Amino acid sequence: MKLWYDKPAQRWEGTLPLGNGLIGMMPDGKVLDESIVLNEISMWSGSSEDPNNYEAYKSVKDIQQHLFAGENDLAEALVNKNFVTSGQGSAFGTGANAPYGSFQNFAFLNFIHQIPGEVSNFRRELDLEKAKASTSFVVDGVHYTREYFTSFDKNIGVIRLTASKKGAISFATHVYREENIQNIQVSDSEITWSGALPDGKGGLGTHFAGKIKVVAKGGTTKNYDHQVIVKNADEVLVYFSAATDYYGYEPKQKVAKELFGAESWKYGKLLSKHQKNYSSTFSRVSLTLADDFKRDSVPTDIRIKNFYENPEKDNSMAALYYQFGRYLSIASTAPTHERALPPNLQGLWAHQIQTPWNGDYHLNINAQMNHWGVEVSNLSEYHRPFIDLIKRIAKEGEKTAKAYYNAPGWVVYMMTNVWGYSAPGEQASWGASTASGWLCNHLWEHYLFTQDKHYLAEIYPVLKGAAEFYKATLVQDPKTGWLVTSPSVSPENGFKLPNGKRTAVVMGPTIDSQIIRELYQAIIESNNILGLNDDFAAALTDDLKKIAPAVVVSSSGRVMEWLEDYEEIEPKHRHVSHLYGLYPANFVSPITTPEWADAAKRSLEVRGDEGTGWSRAWKILFWARLHDGDHALEILRQLLKPAIADGTTYQGDGAGTYPNLFCAHPPFQIDGNFGGSAGIAEMLIQSHDGYIHLLPALPGAWKTGAVKGLKARGNYTVDITWKDGEVVDYKVRGKKGESVDIMVNGKKKSIKI
């Protein structure tokens with residue numbers, strides 16, 4: 001349960017991520033010149049805007065007529081002209097100074113330590129069971145230890161510096177940020193800084209403040225030139241607090257309040273309360289995959305390399321990667337906090353002002369993948385911040401539905417931010433795919449796992465609003481007579497027309513038909529569960545007969561991505577959106593729809609195992625759903641390919657993993673971590689086919705193991721123990737007396753809870 005290293009981090013991608021869902025710290029562990037990246041999850045530039053083009057709906061008929069005529073290139077030209085955002089949108093992923101904004105680094109905390117002599121016995125680690133990092137080493141016979149955690153009790157970061165010899169701790173510390181700090185003060189062993197980020201409209205947006213408090217035992221402490229200087233101390237505690245006005249706080253007052261009385265705090269008590277609060281959540285699931293690997297003798301960066309070269313020798317690396325994904329979920333969002341934000345493209349960790357792709361919420365898979373593992377991995381409440389975000393943007397999406405289709409209900413497109421952006425992107429090929437139906441998958445899945453009817457009643461209007469939009473905007477394809485979306489795209493992928501032109505805009509890509517089917521079925525079932533007798537749900541039952549099928553198999557034996565079997569421009573494209581029906585939906589199954597499963601398998605074989613980080617993670621889940629554990633493990637191996645270092649940056653041929661286990665898109669995107677972790681869980685348990693399937697995709701290498709605490713749909717908690725690939729013991733917990741169907745060692749049976 002530990003990541004550990006025998007040297008300091010040379011780059012940010014080697015630092016150790018700590019977070020409590022609100023603030024984050026990432027220490028690099030350097031002996032003399034130590035840097036700790038500080039983060040706060042609401043540290044967003046930009047501001048609220050209305051980016052909708054309210055003339056766009058006037059172009060819909062013309063766009064659709066071109067599509068009816070097979071003139072997709074002309075339709076795309078009209079979409080690019082009239083059916084995109086009215087403003088800068090995301091500024092093509094560089095929106096730090098645009099209204100869209102960007103998630104940004106909070107600050108850097110730097111220590112210049114005075115430790116003369118040769119360093120030996122260096123070790124730094126991140127303990128996932130304790131949510132605590134540490135650095136230790138020996139210099140001239142003195143053992144130095146630094147401990148770090150972001151408290152799950154108080155909203156503070158804690159750093160403790162100790163040494164085996166009294167008076168051995170001396171350093172100077174200061175805080176810096178590249179821009180937008182308006183004021184910095186040092187007094188009474190405290191560093192306080194404040195500022196404001198640009199709102200993208202020429203003014204100031206998010207106001208922020210941070211505070212560092214230094215409490216030393218022994219020695220001397222003084223303030224000098226924006227620094228706190230400590231000499232010859234026996235022990236030092238350093239506290240960090242951060243706040244923005246996103247939550248309605250006055251930031252400077254908030255950080256002062258959070259560190260009030262810090263001089264009297266006891267480290268042992270702070271640590272004990274932190275670990276108690278954290279461990280009660282993290283310990284819900286345990287996973288053991290037996291092997292003979294001596295993991296305590298090999299640093300994590302070397303283990304990554306070794307796993308890539310031969311995963312069967314280090315099964316426990318897969319278990320570590322799985323639990324690291326759970327750790328990141330717990331660390332990067334705070335479900336009990338008012339107006340909590342879900343993890344963005346970078347979780348809550350950033351070392352830049354302009355984070356890649358604005359560090360936003362991409363809604364054509366990435367923000368969704370961030371939450372694929374939370375239910376099955378017994379972290380259901382960590383779904384709620386994302387669900388609440390969906391509910392907020394649904395309100396904004398009502399404006400977008402009117403602007404672009406003059407339609408009822410709500411719609412959002414492929415990206416959003418903390419300000420509620422819901423309009424299409426800047427370009428048709430990637431910005432014209434609707435995401436509202438995909439988001440509703442999360443609303444429904446949370447119910448399936450929790451069986452919470454009060455929650456279902458709460459989200460039913462949101463589901464219905466999304467369906468109202470689709471019902472009002474579907475058109476009849478003149479060739480097949482099916483009801484389809486128009487215009488749309490298969491996310492970020494394109495094809496070649498008979499005239500040789502490349503385009504992306506179509507009617508009814510397969511993913512849309514699958515999503516709409518799933519949404520309509522969820523509403524019909526919800527209506528029955530809640531006893532609403534809603535006429536709208538009855539109308540959807542009729543529409544389901546007219547919507548394009550969930551899967552159409554092409555002449556090549558593959559799942560068709562579009563209504564027509566167009567020539568592919570990138571057969572190995574990173575998106576595999578037409579297999580949405582395999583995962584996260586459940587239209588495609590080796591058990592219930594074997595012909596479609598064969599077509600999905602053929603599609604994956606042509607697409608290839610390669611791809612970006614999140615793409616490979618998705619393919620782990622696909623192969624798990626196809627019950628091919630060995631292939632899923634092979635892609636997990638590829639996902640853990642060591643990212644290649646080149647100078648001060650990481651380059652590579654696509655997906656990979658950085659030394660700190662962060663997923664390389666490249667660059668870092670956290671979705672690959674969450675997707676990879678979810679994929680491991682999916683290899684061990686599945687429950688989408690109407691029963692609980694134990695070890696549905698167990699790789700041959702994982703012959704013996706045990707897992708406790710996984711969740712299944714129906715609100716069941718499951719433990720499994722296996723030996724030589726066979727289940728030897730299991731336990732299912734739920735409502736006493738309930739019957740549940742379960743598949744064990746290839747045999748299906750009904751058991752009572």
Side-chain angles (χ1 to χ4, degrees), residues 1-11 14-16 18 25-37 108-149 157-174 189 212-224 227-240 262-263 265-272 274-275 294-303 659-660:
M1 288 295 187
K2 292 180 180 178
L3 286 65
W4 77 272
Y5 307 84
D6 59 5
K7 54 185 174 296
Q10 300 305 307
R11 301 171 182 83
T15 58
L16 299 176
L18 296 162
M25 302 194 304
M26 298 188 75
D28 64 13
K30 290 178 181 173
V31 173
L32 298 179
D33 186 359
E34 182 181 24
S35 179
I36 301 174
V37 181
F108 293 84
L109 175 61
N110 185 249
F111 289 88
I112 304 298
H113 296 279
Q114 293 181 347
I115 305 176
E118 206 62 33
V119 176
S120 63
N121 298 331
F122 182 93
R123 180 184 175 107
R124 64 188 178 97
E125 66 179 35
L126 172 62
D127 189 326
L128 300 185
E129 291 181 293
K130 297 179 180 178
K132 184 170 77 76
S134 63
T135 300
S136 63
F137 51 89
V138 175
V139 174
D140 288 345
V142 180
H143 188 270
Y144 294 86
T145 302
R146 302 169 189 166
E147 300 166 88
Y148 322 79
F149 64 90
V158 179
I159 304 166
R160 184 196 192 202
L161 293 81
T162 58
S164 61
K165 178 183 176 183
K166 286 186 175 295
I169 301 173
S170 298
F171 63 85
T173 186
H174 67 280
S189 304
I212 298 296
K213 175 70 176 177
V214 178
V215 180
K217 292 182 180 179
T220 61
T221 303
K222 68 176 183 178
N223 309 315
Y224 176 75
Q227 299 178 84
V228 175
I229 299 174
V230 175
K231 289 187 177 182
N232 306 123
D234 303 330
E235 175 184 329
V236 180
L237 290 171
V238 181
Y239 302 112
F240 158 59
E263 298 87 350
W265 293 345
K266 304 297 183 183
Y267 178 78
K269 190 173 183 179
L270 290 172
L271 180 62
S272 175
H274 154 71
Q275 291 184 348
K294 306 300 182 185
R295 48 195 166 274
D296 290 338
S297 63
V298 181
T300 301
D301 52 338
I302 305 302
R303 284 185 73 187
N660 65 358

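Just so it is clear, the structure is predicted and the values come from calculations on it, not from any experiment. For the single chain, residues carry numbers from 1 onward in sequence order.
The ring pair (Phe, Tyr, Trp, His ring centres under 6.0 Å) search around His174 returns Tyr176, not counting sequence neighbours. Glu34 meets the salt bridge (charged side-chain N to carboxylate O under 4.0 Å, His left out) test with Arg146; sequence neighbours excluded. Not counting sequence neighbours, Ser136 has no partner by the side chain to side chain donor-acceptor pair (under 3.5 Å) test. In this view, Ala216 and Thr221, Val230, Ala233, Val236 satisfy the side chain to side chain contact (heavy atoms under 4.5 Å, CB included) rule, not counting sequence neighbours. In this structure, Asn232 has no side chain to side chain donor-acceptor pair (under 3.5 Å) partners at least two apart in sequence or on a different chain. Lys7 meets the salt bridge (charged side-chain N to carboxylate O under 4.0 Å, His left out) test with Asp301; sequence neighbours excluded. For the side chain to side chain donor-acceptor pair (under 3.5 Å) test, no residue two or more places apart in sequence or in another chain qualifies with Thr15. Gln114 meets the side chain to side chain contact (heavy atoms under 4.5 Å, CB included) test with Ser170; sequence neighbours excluded. Under the rule for a side chain to side chain donor-acceptor pair (under 3.5 Å), Asp28 has no partner lying at least two apart in sequence or in another chain. Checked against side chain to side chain contact (heavy atoms under 4.5 Å, CB included), Val142 has the following partners two or more places apart in sequence or in another chain: Tyr144, Ala163, Ser164, Lys165, Ala168.
Between Pro659 and Tyr5, the shortest heavy-atom contact is O-OH, 2.5 Å. Residues Ile36 and Met25 come closest through the heavy atom pair CG2-CB, 4.0 Å. Of all non-hydrogen atoms in Asp127 and Glu129, the two that sit nearest each other are OD1-N, 3.0 Å. Nearest heavy atoms, Trp4 versus Ser297: CZ2-C, 3.8 Å. Nearest heavy-atom pair, Asp6 versus Pro299, reported as atom, atom and distance to 0.1 Å: OD2-CG, 3.7 Å.
When each of Leu16, Ile159, Val238 is tested with Tyr148 by the rule side-chain contact (heavy atoms from CB on, under 4.5 Å), just one qualifies, namely Ile159.
The closest side-chain heavy-atom distance from Thr135 to Pro8 is not below 4.5 Å. Asn110 has its side chain within reach of Asp33: a pair of non-hydrogen atoms, C-beta onward, lies under 4.5 Å apart. Phe149 places a side-chain heavy atom less than 4.5 Å from the side chain of Leu270.
Pairs passing the salt bridge (charged side-chain N to carboxylate O under 4.0 Å, His left out) check and including a residue from residues 113-124, sequence neighbours excluded, read Arg123-Glu125. The ring pair (Phe, Tyr, Trp, His ring centres under 6.0 Å) analysis of residues 113-134, with sequence neighbours excluded, yields the pairs Phe111-His113, His113-Phe171.
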Given Phe137 and Asn121, is the side-chain contact (heavy atoms from CB on, under 4.5 Å) satisfied, shown in steps? CA-CA 5 Å; Phe137 51 89; Asn121 298 331; 5.9 Å; no

For the pair Val228 and Ile212, evaluate side-chain contact (heavy atoms from CB on, under 4.5 Å) and give the outcome as yes or no after the intermediate values. CA-CA 10 Å; Val228 175; Ile212 298 296; over 6 Å; no

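Once rounded to the nearest 0.5 Å, the distance linking CE of Met26 with CG of Leu126 reads 9.5 Å. In this structure, Asp140 CG and Ile115 CD1 are separated by 10.5 Å, a value rounded to the nearest 0.5 Å. With rounding to the nearest 0.5 Å, the separation of NZ in Lys222 from OG in Ser189 is 12.0 Å. For the atom pair Ile169 CD1 and Thr162 OG1, the distance stands at 6.0 Å (nearest 0.5 Å). One finds the CD atom of Glu147 at 9.0 Å from the CG atom of Leu161 (value rounded to the nearest 0.5 Å). Between Lys217 atom NZ and Asp234 atom CG the span is 9.0 Å, to the nearest 0.5 Å.
Aromatic ring pairs are classed by plane angle as parallel below 30°, tilted from 30° to 60° and perpendicular above 60°; the pair Trp265 and Tyr239 is perpendicular.
Side-chain atoms of His274 never come within 3.5 Å of backbone atoms of Lys269 as a donor-acceptor pair (strictly under, hydrogens ignored).
With 3.5 Å as the limit, one finds no donor-acceptor pair spanning the side chains of Glu235 and Tyr267.
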